[in-house]
Amino acid sequence: MRFFQYILLSFLVVCAISVSLSRKLLNSILIFMSYSLVMSVIWICLESPDLAITEAAVGAGVTSVLFFVTLKKIHAIEENRRNQKKAGENKENE
């Protein structure tokens, strides 16, 4: 059980570092969601189910939905898709 907790803690550190180094907002939100889900598993391991449910609902659920809505409002998701289409077209033309 201790080994599993060490793996989870190391994954939390990797998620925290990768969120801060990620250049794409959508990837950062997905990494943040995984961070919250791993944190809720850690709360379960620490025998605190009320905090685990709260972390899963608020951290991975509500906060992530609000981030996605914000990206949609500022049109960041569409710009990302347009850039990917342009990159694909440029590769086809070469």
Side-chain angles (χ1 to χ4, degrees):
M1 187 65 172
R2 270 292 208 227
F3 182 69
F4 180 66
Q5 290 175 349
Y6 289 137
I7 290 173
L8 289 174
L9 288 174
S10 64
F11 189 71
L12 280 180
V13 171
V14 168
C15 283
I17 292 170
S18 61
V19 162
S20 62
L21 296 177
S22 178
R23 294 196 180 267
K24 295 184 180 179
L25 294 175
L26 189 60
N27 289 344
S28 296
I29 294 172
L30 294 174
I31 295 168
F32 177 75
M33 283 175 55
S34 63
Y35 179 91
S36 295
L37 291 175
V38 171
M39 194 65 215
S40 65
V41 172
I42 289 175
W43 284 121
I44 291 287
C45 291
L46 293 173
E47 297 178 1
S48 184
D50 53 341
L51 288 174
I53 293 170
T54 304
E55 179 71 32
V58 174
V62 176
T63 306
S64 299
V65 168
L66 290 175
F67 281 148
F68 284 129
V69 169
T70 303
L71 283 181
K72 189 75 168 170
K73 292 271 186 188
I74 64 171
H75 305 292
I77 294 176
E78 288 89 13
E79 289 176 13
N80 190 18
R81 288 183 186 158
R82 278 189 227 128
N83 291 338
Q84 288 176 350
K85 284 182 182 179
K86 287 181 184 177
E89 289 172 1
N90 289 339
K91 286 182 182 178
E92 290 175 3
N93 291 335
E94 293 177 356

Show me the side-chain donor-acceptor pairs of residues 6-14 shorter than 3.5 Å, one per line, residues at least two apart or across chains.
residue	atom	partner	partner atom	Å
S10	OG	Y6	O	3.2
S10	OG	I7	O	2.8

(message) Is it the case that the side chain of S22 and the backbone of V19 share a donor-acceptor pair, with hydrogens and angles ignored and the cut-off at 3.5 Å?
(response) no
(request) Give a yes or no on whether V65 and V58 share a hydrophobic cluster (residues Ile, Leu, Val, Met, Phe, Trp, Tyr; joining criterion: side-chain heavy atoms under 4.5 Å apart). (result) no
(request) Report yes if the side chains of L30 and F68 come closer than 4.5 Å at any heavy-atom pair, otherwise no. (result) yes
(request) Could you tell me whether the side chain of S18 and the main chain of C15 form a donor-acceptor pair under 3.5 Å? (result) yes
Going by atom type alone, with no hydrogens or angles, which donor-acceptor pairs under 3.5 Å involve a side-chain atom of residues 32-50 and a protein atom two or more places apart or on another chain?
residue	atom	partner	partner atom	Å
S34	OG	I31	O	2.7
S36	OG	F32	O	3.3
S40	OG	L37	O	2.6
S48	OG	D50	OD1	3.1

